[in-house]
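First comes the structure, then the notes that go with it.
Atoms considered below: every heavy atom in the structure, side chains included; atoms not considered: hydrogens, waters and symmetry mates. Sequence lines set the chain letters: A, B, ... in the order given, protein chains first and strands last, and positions in each chain run from 1.
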Amino acid sequence: MDKYDKVMDLAKRRGFLWNSFELYGGAAGFFDYGPLGCTVKRKIENLWRDFYVLNEGCMEIEAPTIGIEDIFVASGHVGGFSDPLTECSGCGQSFRADHLIEALGIEGVGALNTTQLDEMIVEHNIVCPECGCKLGKSFEFNLMFQTKIGPGTGRPGYLRPETAQGMFVDFQRLSRFYREKLPFGAVQIGKSYRNEISPRQGVLRLREFTQAECEFFVDPDVKTHPNFDKYKDVKLTLYPQAQQEDETGTTIQKTVGEAVADGTIAHEFLAYYVALTNDFLTCAGISPEDLRFRQHLSDEMAHYAVDCWDAEIKTDRFGWVEAVGIADRTDYDLTAHAKQSKVELSVYIEYPEPIFETKFVVKPDMGKLGPLFKGQAKAVGDALKELSADAIQAAGDEITVSVNGENFTVPKNLIAFGEENVKISGKTIVPHVIEPSYGIDRITYCVMEHAYDEEDLAAGASEEDDEESRIVMRFKNIVAPYQVAVHPLMGKPELSAVAKKLFNDLVAAGIMSDYDESGTIGKRYRRNDEIGIPFSVTIDFDTIEKENKPVTIRDRDTMKQILVSAGDLVAVMKGLLSGEKRFEESGEVISR
RNA sequence: GCAUUGAUGGUCUAGUGGCUAUGACUGCGGCCUUCCAAGCCGCAAACCCGGGUUCGAAUCCCGGUCGAUGCACCA
């Protein structure tokens, strides 16, 4: 049983992750988050909001998960996503069916469906180019889930394959919201859908999954980051192209500042979010030694991207798993949507000081050209404006321009021209997009795997053969599903009453707590460890008998115990959970 | 999508044509118990789905679903 099996076993037993639709036999590529898993996931999402919404100031939006066809035509998801594949019966390699036929010089293959393609393959006796075996039936694969909007034949719609398009489509509104000042960013946390051919690896490859994406719109000429100093000296584990291409495959350690200075990372803006991602993932509980940032190789990078870094997390079974992608998408998306929608998606940037340029300008006297050329006057005027200084100087008393194949001769004295000092107070640009994109399900699984621990315990005084071990989920306090468990030492009514009161106090203070009085205290502690509750509070007879009402707080990771007065419990718990106070300093350390 | 392989209570598992389908852990109800799982009594809970062969199928055959692995795919 490897770690994946152990984590998934625990996840299933204790209510973190369940296969969806199990009652009816299930379906591949879908998972339910149970009560504890859902809580952990929400907490990770909220931590992400702390980073991006609270600290980075990127406001959250919510766009529909269904998109109309235009969006995905513009984004390229509709066109590029419907490829017919055929597979060799011998070696198992897949090929583009249409490409095999086209290779014979046959035209118009693109319009054929798979049945027709199969007929062509048989007719032309096409075999596997690798091994010469027979080819299987061809099939379409398109990762988009399609649906219909409205009744009848309806209008085609698609479940979004990424949340990003929502931010691009709302660009103009967002730009106005941010008072048309770059850089600005918006985020979205939500479900995306890809009809994966073969979902595997549990929650790492889902057909419906949760993304947290941030889209920053920046001035293409200003890719420095205003808060770069915050992360400048942070050391990162980087795996750049050069290291991937040499045989050793070693990662390098470098500060963010160094990586930008020596060109390892393309620019500050990208580097800043690589560092922020490092910060976020470690805060969520990813072990720093199992985290690296891998640069996309030039051939795997989308053709429009300038530079792209993935946060990869090491897992026991699957090795390095891509959990976050941080890309400079340039102006690709906005330009594509502008073209598709025929609406200009740009921002006007005013220079700090207007720039004056000397330019050669042509000013036709439209008052005279009007009566002369009537309906063609405007076109003639425009043609004149296009003329270069040389062309005008070289001409004699008359200038001839051609408009729509017709020549017009204009007396030169109807045209004013010359050098002119032009004031340029700004520029209109299509912003570039910097996109940090997080796979929340993958992160949640990796947080669970990294939290999972089996600890061997000394098997008591006797030399019993079975060594005792306990399973502990060492969640960080901020992602743990419950923060505190409250127990009466045993199920006596007088103890229960006090325990329930303290439980209510904790809940009233906003602390997510669990109450449990079943079985022995030791068993309950083990249960708490297994679902990763950081602290357990136990009420015993001292609590009701002694003057200062001591309760015991047990620390999950060390199993150490301290005594605190019941009246101080809420305050002490808050200090412990926020990390402001150390465990041993929060009460009287005891051993039993 | 193809190939290989598997599927028995919540979990792990025994059973391989023939009783009311093992056992353990977990869970629940008691008893006992003054701080780290396995003390006692009791209870609950399963043969992946569909078809076929057979007097009789959890068991054999075929198809499907789901899981694992390999190939391919992962914009």
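Rounded to whole Å, the separation between the P atoms of B:C25 and B:C43 comes to 15 Å. Straight-line distance between the C1' atoms of B:G30 and B:C35: roughly 23 Å, to the nearest whole Å. B:U26 and B:A44 have their C1' atoms separated by 12 Å, with the value rounded to a whole Å. Remark: the separation of the P atoms in B:U11 and B:G67 is 15 Å, to the nearest Å. Using atom C1' as the reference point in both B:U16 and B:U59, the two lie 5 Å apart (nearest Å). Spacing of C1' atoms, B:U22 relative to B:A45, comes out at 15 Å, to the nearest Å. Rounded to the nearest Å, the gap between the C1' atom of B:G9 and that of B:C47 is 10 Å. Taking the C1' atom of each, B:G17 and B:A3 are spaced 31 Å apart, rounded to whole Å.
Neither side chain, A:Q483 nor A:N477, offers a donor N or O lying under 3.5 Å from an acceptor on the other. For A:T552 and A:Q561, the side-chain atoms include no donor-acceptor pair closer than 3.5 Å. A:Y33 and A:D441 share a side-chain donor-acceptor pair at under 3.5 Å.
At the phosphate of B:C12, neither OP1 nor OP2 sits under 4.0 Å from any side-chain N or O atom of A:R13.
Along RNA chain B, the nucleotide closest to A:E162 and the one closest to A:L489 are compared, and the more 5′ of them pairs with A:L489. Comparing A:G29 and A:R442 along RNA chain B, the residue whose closest nucleotide (by nearest heavy atom) sits nearer the 5' end is A:G29.
Between the base of B:C73 and the side chain of A:R205 there is a donor-acceptor pair shorter than 3.5 Å. With hydrogens and angles ignored, a donor-acceptor pair under 3.5 angstrom links the side chain of A:D540 to the base of B:C35. Contact of A:R554 with B:C36 (side chain to base): a donor-acceptor pair of N or O atoms is detected under 3.5 Å. Looking at A:E196, its side chain has no donor and acceptor atom pair within 3.5 Å of the base of B:C74.
Side-chain atoms of A:H77 lie closest to B:A75 of the nucleotides B:A68, B:A38, B:A75. Picking from B:G67, B:U69, B:A75 the nucleotide with the shortest atom distance to the side chain of A:N19 gives B:G67. Comparing B:A75, B:U11, B:C35 by their nearest atom to the side chain of A:D9 picks out B:U11. For A:A28, the side-chain atoms get nearest to B:G67 when compared with the rest of B:G67, B:A68, B:C36.
For the pair A:D2 CG and B:U69 C1', the interatomic distance rounds to 12 Å; values are reported in whole Å. Spacing between atom CD of A:E22 and atom P of B:G10 amounts to 9 Å, rounded to whole angstrom units. For the pair A:Q561 CD and B:C36 C1', the interatomic distance rounds to 8 Å; values are reported in whole Å. Rounded to whole Å, the distance from NZ on A:K560 to C1' on B:C36 is 16 Å. Nucleotide B:C25 holds its P atom 16 Å from the CD1 atom of A:I471, rounded to whole Å. The distance from atom CZ of A:R524 to atom C1' of B:C35 is 10 Å, rounded to the nearest whole Å. The CG atom of A:L495 sits 12 Å away from the C1' atom of B:U33 (whole-angstrom rounding). In this structure, A:K12 atom NZ and B:G9 atom C1' are separated by 14 Å, rounded to whole Å.
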Where do N or O atoms of nucleotides 27-32 of chain B meet protein N or O atoms at under 3.5 Å, pair by pair?
| residue | atom | partner | partner atom | Å |
| --- | --- | --- | --- | --- |
| B:G27 | OP1 | A:R527 | NH1 | 2.1 |

Dump every N/O contact between nucleotides 43-51 of chain B and the protein below 3.5 Å, one line per pair.
none

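In RNA chain B, stems built from 3 or more consecutive Watson-Crick or G-U wobble pairs, each with both distances under 3.5 Å, span B:1-7 with B:65-71, B:10-12 with B:23-25, B:27-31 with B:39-43, B:48-52 with B:60-64.
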Under the side chain to side chain donor-acceptor pair (under 3.5 Å) criterion, do A:E162 and A:S192 qualify, and how do the steps go?
CA-CA 5 Å; A:E162 58 176 14; A:S192 293; over 6 Å; no
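Taking the six-membered ring for Trp and the full ring otherwise, A:Y445 and A:F318 have centroids separated by 6.0 Å or more. Between A:F171 and A:F217, the distance from one ring center to the other falls under 6.0 angstrom. Residues A:F21 and A:F30 bring their aromatic ring centres within 6.0 Å.
Remark: A:R294 is not positioned above the aromatic ring of A:W320, lacking an NZ or CZ atom under 6.0 angstrom from the ring centre and at most 45 degrees off the axis. Both tests pass for A:R554 against the ring of A:Y525: distance under 6.0 Å to the centre and angle within 45° of the axis.
Salt-bridge formation is detected for the pair A:R14/A:E530: a Lys NZ or Arg NE/NH1/NH2 atom is positioned less than 4.0 Å from an Asp or Glu carboxylate oxygen. With salt bridges taken as basic N to acidic carboxylate O contacts below 4.0 Å, one links A:D505 and A:K501.
Within the nucleic acid shown, A:R556 has no heavy atom closer than 4.0 Å to any nucleic acid atom. Within 4.0 Å of A:Y4, counting heavy atoms only, lie sugar-phosphate atoms of the nucleic acid but no base atom.
Not one N or O on the side chain of A:R329 forms a donor-acceptor pair closer than 3.5 Å with the backbone of A:V433. Side chain of A:D328 to main chain of A:T330: a donor-acceptor pair is present (N/O by atom type, distance under 3.5 Å, no hydrogens or angles).
A ring pair (Phe, Tyr, Trp, His ring centres under 6.0 Å) with A:Y273 is found for one member of A:Y438, A:F293, A:F216 and no other, namely A:F216.
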